[in-house]
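Report on one structure; see the data block that follows.
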Amino acid sequence: MSPDALVEDITNLLEVWVTGWAGCRGYQTSTEGRFPAVLRADTTGDWEYFAHDPSDDEFAALVAKTAEAPARILTILTNDVLRYNQLAGKHGLNITSASQAMMIVDMETQDTEDPWLSDDDLNLVTSQVDGVHHAVVRSGEEIAASGRVFVVDGTAVFDKIVVQPAFQRRGLGSFIMKALAAQAIGPDVENGLLLASLDGQKLYSHLGWSVVCRVLMLSTSQEGADLSVG
């Protein structure tokens with residue numbers, strides 16, 4: 001199915017992304033009503049709830065679950081950011097991140113040939129563990145860049161594309177994306193999907209990705225920690 005067709009059903013896209021993201025990280029998944037939930041065992045140690053454009057009543061129910069523990073997170077995917085900003089304030093939730101976006105790409109437009117590094121000081125290592133494809137660029141013993149991807153129903157879900165500060169502005173973000181695409185691509189893989197930070201959105205837009213919707217992360221915590229990159 002083409003990205004344009006998939007974008008018509010963001011609720012399904014969210015379910016695919018959550019499955020892929022949880023697969024990349026080995027997270028336990030569940031549901032809350034009709035919405036997916038993930039236990040972030042390696043970061044908050046508690047549940048994160050996800051919803052695309054929930055109704056007012058659904059939002060209130062999700063808030064009630066989120067409020068049961070300060071480490072819980074409610075993540076809303078929407079193109080009506082103002083509405084959910086207002087609902088969050090009404091229910092006493094704090095916005096911990098409003099900078100992310102869900103992005104999608106037709107994998108046929110991506111370079112899926114095995115990339116090569118022009119810098120002899122850098123070395124690419126790829127691997128696959130429990131269905132998760134990993135790509136790591138090393139400079140000696142130091143990790144310069146890394147990322148992972150997990151395929152769900154013909155969609156490659158990319159996660160944790162990280163370039164360390166000392167190695168930025170050398171094209172390693174694009175390189176990691178190409179290395180992962182070369183591993184994950186197959187006859188059944190049609191689309192790519194990810195959540196991107198502001199910096200990531202610039203990179204992925206350059207690579208041909210398109211924004212599907214915005215992402216708001218909400219919590220009862222007063223600490224205001226941005227968990228979007230965790």
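Since this is a predicted model, take the numbers as computed values, not measurements.
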Report task. Would you check if the side chain of Q100 reaches a backbone N or O of L216 as a donor-acceptor pair within less than 3.5 Å? Result -> no
Report summary line: Between A101 and Q201, the two heavy atoms sitting closest are N-NE2, 3.5 Å
Query raised in the report: Measuring from L172:CG to M177:CE, what's the distance to the nearest 0.5 Å?
Result: 13.5 Å
Report task. Ignoring hydrogens and angles, tell me if any N or O in the side chain of R40 forms a donor-acceptor pair with the backbone of G45 under 3.5 Å. Result -> no
Requested in this report: Check side chain to side chain donor-acceptor pair (under 3.5 Å) between D111 and all other residues, then give those that pass, not counting sequence neighbours.
Outcome: none
Report summary line: So side-chain hydrogen bond (donor to acceptor under 3.5 Å, both in side chains) across residues 132-143, not counting sequence neighbours, yields none
**Report entry** Minimum heavy-atom distance between N94 and S221, given as atom pair plus value
**Finding:** ND2-O, 2.6 Å
**Report entry** Cluster check F35, L87: I/L/V/M/F/W/Y, side chain < 4.5 angstrom
**Finding:** yes
Requested in this report: First locate atom CG of D53, then atom OH of Y84, and finally report the distance between them rounded to the nearest 0.5 Å.
Outcome: 4.0 Å
Query raised in the report: With sequence neighbours left out, what residues match T66 under side chain to side chain contact (heavy atoms under 4.5 Å, CB included)?
Result: Y49, R72, L74
Query - Ion pair R170/D119, N-O distance below 4.0 Å - result: yes
Report summary line: In this structure, CG of L195 is separated from OG1 of T75 (nearest 0.5 Å) by 8.5 Å
Query raised in the report: Mind checking whether M102 and R214 have side chains closer than 4.5 Å, heavy atoms only?
Result: no
Query raised in the report: I176 and V137: side-chain contact (heavy atoms from CB on, under 4.5 Å), yes or no, with the steps?
Result: CA-CA 8 Å; I176 285 290; V137 173; 3.9 Å; yes
Query raised in the report: What is the minimum heavy-atom distance between G23 and F150, and which atoms define it?
Result: C-CD1, 4.0 Å
Query raised in the report: Does the side chain of L203 reach to within under 4.5 Å of the side chain of S174, using non-hydrogen atoms?
Result: yes
**Report entry** Worked check of side-chain contact (heavy atoms from CB on, under 4.5 Å) between T126 and D114
**Finding:** CA-CA 11 Å; T126 60; D114 286 321; over 6 Å; no
**Report entry** C24 SG to D130 CG distance, which is reported to the nearest 0.5 Å
**Finding:** 11.5 Å
Requested in this report: For Q86, enumerate each residue passing the side chain to side chain contact (heavy atoms under 4.5 Å, CB included) test, keeping only those at least two apart in sequence or located in another chain.
Outcome: L82
Report summary line: The residue among K90, H91, R83 that forms side chain to side chain donor-acceptor pair (under 3.5 Å) with D56 is R83
Report task. Check the pair I143 / F167 against side-chain contact (heavy atoms from CB on, under 4.5 Å), numbers first and verdict last. Result -> CA-CA 9 Å; I143 293 178; F167 297 92; over 6 Å; no
Query raised in the report: How close do F158 and L194 get, heavy atom to heavy atom, and via which atoms?
Result: O-CB, 3.6 Å
**Report entry** Ring geometry between W21 and Y27 (parallel below 30°, tilted from 30 to 60°, perpendicular above 60°)
**Finding:** perpendicular
Requested in this report: Tell me, please, which residues at least two apart from R34 pass side chain to side chain donor-acceptor pair (under 3.5 Å).
Outcome: E58
Query raised in the report: When rounded to the nearest 0.5 angstrom, what distance separates NE2 in H52 from CG in L14?
Result: 8.5 Å
Report task. Might you point out which heavy atoms bring M103 and S205 nearest each other, and give the distance in Å? Result -> CE-OG, 3.6 Å
Query raised in the report: Would a hydrophobic clustering, with Ile, Leu, Val, Met, Phe, Trp and Tyr connected at side-chain separations under 4.5 Å, put L207 with I185?
Result: yes
Report summary line: Nearest heavy-atom contact between A184 and A156 is CB-CB, 4.5 Å
Query raised in the report: Ion pair present between R25 and D42, side-chain N to carboxylate O less than 4.0 angstrom?
Result: no
Query raised in the report: Is there a side-chain contact (heavy atoms from CB on, under 4.5 Å) between I10 and V212 once you walk through the steps?
Result: CA-CA 8 Å; I10 298 177; V212 175; 3.8 Å; yes
Report task. Please answer: with hydrophobic residues joined when any side-chain heavy atoms are less than 4.5 Å apart, are V162 and L193 in the same cluster? Result -> no
Requested in this report: Determine whether I161 and M107 fall in the same hydrophobic cluster, where Ile, Leu, Val, Met, Phe, Trp and Tyr are linked whenever their side-chain heavy atoms lie under 4.5 Å apart.
Outcome: yes
**Report entry** Close side-chain approach of T220 and L93, heavy atoms under 4.5 Å
**Finding:** yes
Query raised in the report: Once the angle between the rings of F50 and W17 is folded into 0 to 90°, is it parallel (under 30°), tilted (30 to 60°) or perpendicular (over 60°)?
Result: perpendicular
Requested in this report: With the side chain counted from C-beta on, respond yes when C213 and T78 share a heavy-atom pair under 4.5 Å apart, and no when they do not.
Outcome: no
Query - pair V18-V38: side-chain heavy atoms closer than 4.5 Å - result: yes
Query - N85: side chain to side chain donor-acceptor pair (under 3.5 Å) partners, not counting sequence neighbours - result: none
Query raised in the report: Do V136 and L124 have side-chain heavy atoms sitting under 4.5 Å apart?
Result: no
**Report entry** Interatomic spacing from CG in L62 to CG in D57 - rounded to 0.5 Å
**Finding:** 11.0 Å
**Report entry** E190 side chain reached by D106 side chain, heavy atoms, under 4.5 Å
**Finding:** no
Query raised in the report: Side chains of E48 and T44: does their closest heavy-atom pair fall under 4.5 Å?
Result: no
